[in-house]
Amino acid sequence: MFTLTERLTIDATGVQSFATIDLGSYVDVGDRQALQVHSVDFIFQGTSAAQTFPFVAMGGSGLVQCQVTDLNRGGLVFANDRALVASGMLNYDSDAFLSQATDLYPDNFGKGSDDGRYVVNDQLYIVGRSSAIDTNQAVNVTIRVNASIVTLGAKDFMAIAIQSTAADN
């Protein structure tokens, strides 16, 4: 297992920010290789790495959302979208109450070597949005994808490829 990381910087209120993780070196259609995602972690920070509490960048209160998908949807998606790989949310209210929410599905796929979400596309797409960002501030979200490379049988690979294509419609 290995870890892929990407940082998403959200520096404007209500505007979606985007990033990608290139999987071209890990997914090989000819050899039926896929990326097996075991878990996804979201780490929320402020404008700088030293600012570990992003609520400083958010002012009095706010919400930060972040999602990872295996198809480019162009923005945030509903939880029933088949392209959704993981999502996370951080809430901060004016009473200094900080809470985070991750969906039970699909952030952690189990502990066994066979557990995971298979991705056969060449990129993971990251989108995030914040309801409040102060002037000259930013919220940085680091996405850590724990994954491994697996070789699938022809039928399994085709089923995942078709499902992924069908999810695009």
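One N or O on the side chain of S131 and one on the backbone of L63 form a donor-acceptor pair closer than 3.5 Å. Checked by atom type and distance alone, the side chain of D81 pairs as donor or acceptor with a backbone atom of A83 at under 3.5 Å. Side-chain atoms of Q67 do not come within 3.5 Å of backbone N or O of L84 as any donor-acceptor pair. In terms of modelled atom types and a separation under 3.5 Å, the side chain of T13 and the main chain of I133 share a donor-acceptor contact. Judged by distance alone, with hydrogens and angles left aside, the side-chain atoms of T20 form no donor-acceptor pair with the main-chain N or O of D22 at under 3.5 Å. Proximity of a side-chain donor or acceptor of R117 to a complementary backbone N or O of V37 within less than 3.5 Å is not detected.
Between L4 and L23 the shortest side-chain heavy-atom distance falls below 4.5 Å. Two residues are said to be in side-chain contact when any heavy atoms from C-beta on lie closer than 4.5 Å; I143 and F42 meet this criterion. Residues S17 and T9 have side chains not in contact (no heavy-atom distance under 4.5 Å, counting atoms from C-beta outward). Using a 4.5 Å heavy-atom threshold, the side chains of Y26 and F2 count as touching. Side-chain contact between D70 and L124 is present, with heavy atoms from C-beta onward closer than 4.5 Å. Residues T142 and D41 fail the side-chain proximity criterion, which asks for heavy atoms closer than 4.5 Å. Side-chain contact between V29 and V120 is absent, with no heavy atoms from C-beta onward closer than 4.5 Å. Proximity of N121 to V27: side-chain heavy atoms (C-beta onward) are nowhere separated by under 4.5 Å.
To the nearest 0.5 angstrom, N146 atom CG is 10.5 Å from T5 atom OG1. The structure places OH of Y125 at 12.0 Å from CD1 of I21, a figure rounded to the nearest 0.5 Å. Within the model, atoms OG1 of T3 and NE2 of H38 stand 10.0 Å from one another, a figure rounded to the nearest 0.5 Å. Rounding to the nearest 0.5 Å places OG1 of T69 at 10.0 Å from CD of Q123. Rounding to the nearest 0.5 angstrom, the gap separating the CZ atom in R82 from the CG atom in L71 is 11.5 Å. Within the model, atoms CG of N140 and CD1 of I43 stand 11.5 Å from one another, a figure rounded to the nearest 0.5 Å.
Hydrophobic clustering (side-chain heavy atoms under 4.5 Å, transitive across Ile, Leu, Val, Met, Phe, Trp, Tyr) keeps L76 apart from F44. In the hydrophobic cluster analysis, where Ile, Leu, Val, Met, Phe, Trp and Tyr join through side-chain heavy atoms closer than 4.5 angstrom, V127 is grouped apart from V141.
Closest approach of G62 to A132, counting heavy atoms only: CA-CB, 4.2 Å. The shortest heavy-atom contact between E6 and A19 is CG-CB, 4.0 Å. Nearest heavy-atom pair, V64 versus S130, reported as atom, atom and distance to 0.1 Å: CG2-OG, 3.8 Å.
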